[in-house]
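Written out below as C-alpha cells is the structure these notes cover.
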Amino acid sequence: MKTFEEKWTAWLDGELSGSELAAFEASLPDRVAAEAEKQAAQKLRLLLKRELSISKLANEEFFSHQLRERIGHEGNSNTGRESRSSGWWTVPRLLWSGAFAMAVFLVCTVWVMQDNDFADQSPLTTKVLNAKLDPTAGTDATVTVFEDTEDNVTVLWTEGLKSLPSEYAAK
Amino acid sequence: MFRRLVLLTTCFALVISAGSTNAGLLYDLLHPLRSHRKSASRHASSEHPGEIVWSGLVMADNAEKPAAIPQELAPIETTLKELFGYNQFEIIGQSRTALHKGDENWDAASKHFKLFVDAQGPAEGGYAVNLKLVQHDDAQAPPDQVVLETDTKLSKRSPLVIKGPQVGGGQLLLVLVVR
C-alpha cells in the first residue's frame with residue numbers, strides 16, 4: 001500500500017498508469033494546482049539535466065596518465081618526509097661521525113704530544129737562569145751561556161775576570 | 001647535515017683546545033707521558049734518593065806530560081780540552097753529595113776557593129740550585145769575596161761547566177755533574 005507521498009512522487013515522474021493514475025488524480029483536492037506543480041517539477045528536472053550533465057572527457061587516457069603521475073609523485077614525497085622524520089642520526093651517520101671525531105682527536109693528541117715532547121727536551125739540558133759577577137772581580141766582566149752539544153754540556157763562560165796569582169791554584 | 005657536522009667538529013675542537021691549556025682530567029688524558037714523567041721525577045727525587053751531585057773545583061793548565069784526566073771529568077774530556085784549550089785538568093776541591101730531598105746545601109773547597117751549592121728543590125728533569133763561587137784570601141779584607149753567583153736548573157743529563165778566573169798560567173773551572 002503506497003502512501004500519498006509515494007504516489008505523488010510517482011505521479012510527478014509520470015510513473016502512474018491505468019486505474020492507479022485515475023484513482024490518484026481523482027483523490028487530488030485541487031487538480032489544477034497539482035498539474036501546475038507537476039509541470040514546474042518537470043521543467044526543473046529538465047533544467048537540472050541540461051545544466052548538471054557531466055561533460056565527457058575528450059582525452060581519457062591523457063587524464064588517466066596525469067592522475068597516475070600525480071599519485072606517484074605524492075607517494076615519493078611522502079616517503080621522503082617519512083625518512084626525514086626518522087632523524088638525522090642514522091646508524092651510518094653515527095659511525096661516520098664517530099670515526100671523524102676519533103680522527104680529529106688523534107690529530108689533536110699527536111699535535112699536543114709533539115708540543116709536549118718539544119717542551120720536555122728542556123729538562124734534559126741544564127739551564128742557567130741568571131748569573132752575576134762581583135764588580136770587584138772584574139769591572140768589565142761578562143757572562144755568556146751556551147751549550148756544547150758534543151757532550152751535552154752547558155757552559156757558563158765568563159770573560160774579563162781579574163787574573164789571580166798561581167798560588168790560588170793550591171788545593 | 002653539513003652544518004651539524006661542522007657544529008660537532010667545532011665543539012670537539014673547543015673541548016680539545018680547552019683541555020690542552022688547562023689542567024684537569026682532559027689535560028691528563030692528553031698528556032699521559034707528561035704526568036707519568038712528573039710523577040716519576042717526584043718519585044725519584046723524594047722517595048728514592050740516590051742521585052749524586054759531584055761538584056768540583058778544577059784547575060786546567062797545559063803540561064808537557066799531562067796527567068790522566070780525573071774519572072769524574074772523563075765524560076766531558078773532549079769538551080773541556082777543545083773548549084778551554086788545556087791538556088791537563090786537576091781537581092783542587094770537590095764534593096760528592098747524595099740528594100735526599102733535593103734541598104741540601106754543600107760546598108766544594110780548595111785553599112782559596114769555595115763553591116757553595118744550595119739546592120732549592122727538584123725541578124722538571126733536575127734540580128734548581130744556587131751557586132756561589134767565593135774567593136778566600138786572609139790577606140784581603142774582607143777575606144771572602146763572592147766572585148760569581150748564579151741560579152741554575154741542573155739537569156741529570158747535562159753537566160754544568162763554569163769558567164772561573166785565570167789563575168797563574170791556568171784556568172779555574174767549576175764543574176757540576178748529576179749522576
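Reckoned from all heavy atoms, side chains included, excluding hydrogens, waters and symmetry mates. Below, chains carry the letters A, B, ... as their sequence lines are ordered, and counting in each starts from 1.
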Would you mind checking which part of [X] comes under 4.5 Å of any heavy atom in chain A, side chain (CB onward), backbone (N, CA, C, O), both or neither?
X        : result
B:Glu149 : both
B:Pro75  : backbone
B:Val147 : both

Top residue by heavy-atom pair count (under 4.5 Å) with chain A, among [options]?
options                      : value
B:Asp151, B:Leu131, B:Leu148 : B:Asp151
B:Asp137, B:Val175, B:Asp61  : B:Asp137
B:His136, B:Glu82, B:Gln135  : B:Gln135

Salt bridge between [X] and [Y], side-chain N to carboxylate O under 4.0 Å?
X        : Y        : answer
A:Lys7   : A:Glu20  : no
A:Glu167 : B:Lys111 : no
B:Lys81  : B:Glu77  : yes

Proximity breakdown for [X] and chain B, heavy-atom pairs closer than 4.5 Å:
X        : result
A:Asp148 : side chain
A:Leu161 : side chain
A:Lys132 : both

Trace of the side-chain contact (heavy atoms from CB on, under 4.5 Å) decision for B:Val58 with B:Leu73: CA-CA 9 Å; B:Val58 179; B:Leu73 301 176; 3.8 Å; yes

Rounded distance [0.5 Å steps], CG in B:Leu57 versus OG in B:Ser110: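 So the gap between those two atoms works out to 5.0 Å.
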
By salt bridge (Lys or Arg N to Asp or Glu O under 4.0 Å) - contacts of A:Glu25 (at least two apart): A:Arg31

Interface residue of largest heavy-atom contact number with chain B, from A:Asn130, A:Val128, A:Leu129, under 4.5 Å: A:Asn130

Option in A:Ala131, A:Ala141, A:Gly160 with maximal non-hydrogen atom pairs under 4.5 Å from chain B: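 Among the listed options, the one with the most contacts to chain B is A:Ala131.
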
Close aromatic pair by centroid cut-off 6.0 Å: B:Phe84 and B:Phe89: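 Not under 6.0 Å, so no.
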
Side chains of A:Thr154 and A:Phe146 in contact at under 4.5 Å (non-hydrogen atoms):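 No - every pair of side-chain heavy atoms lies 4.5 Å or more apart.
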
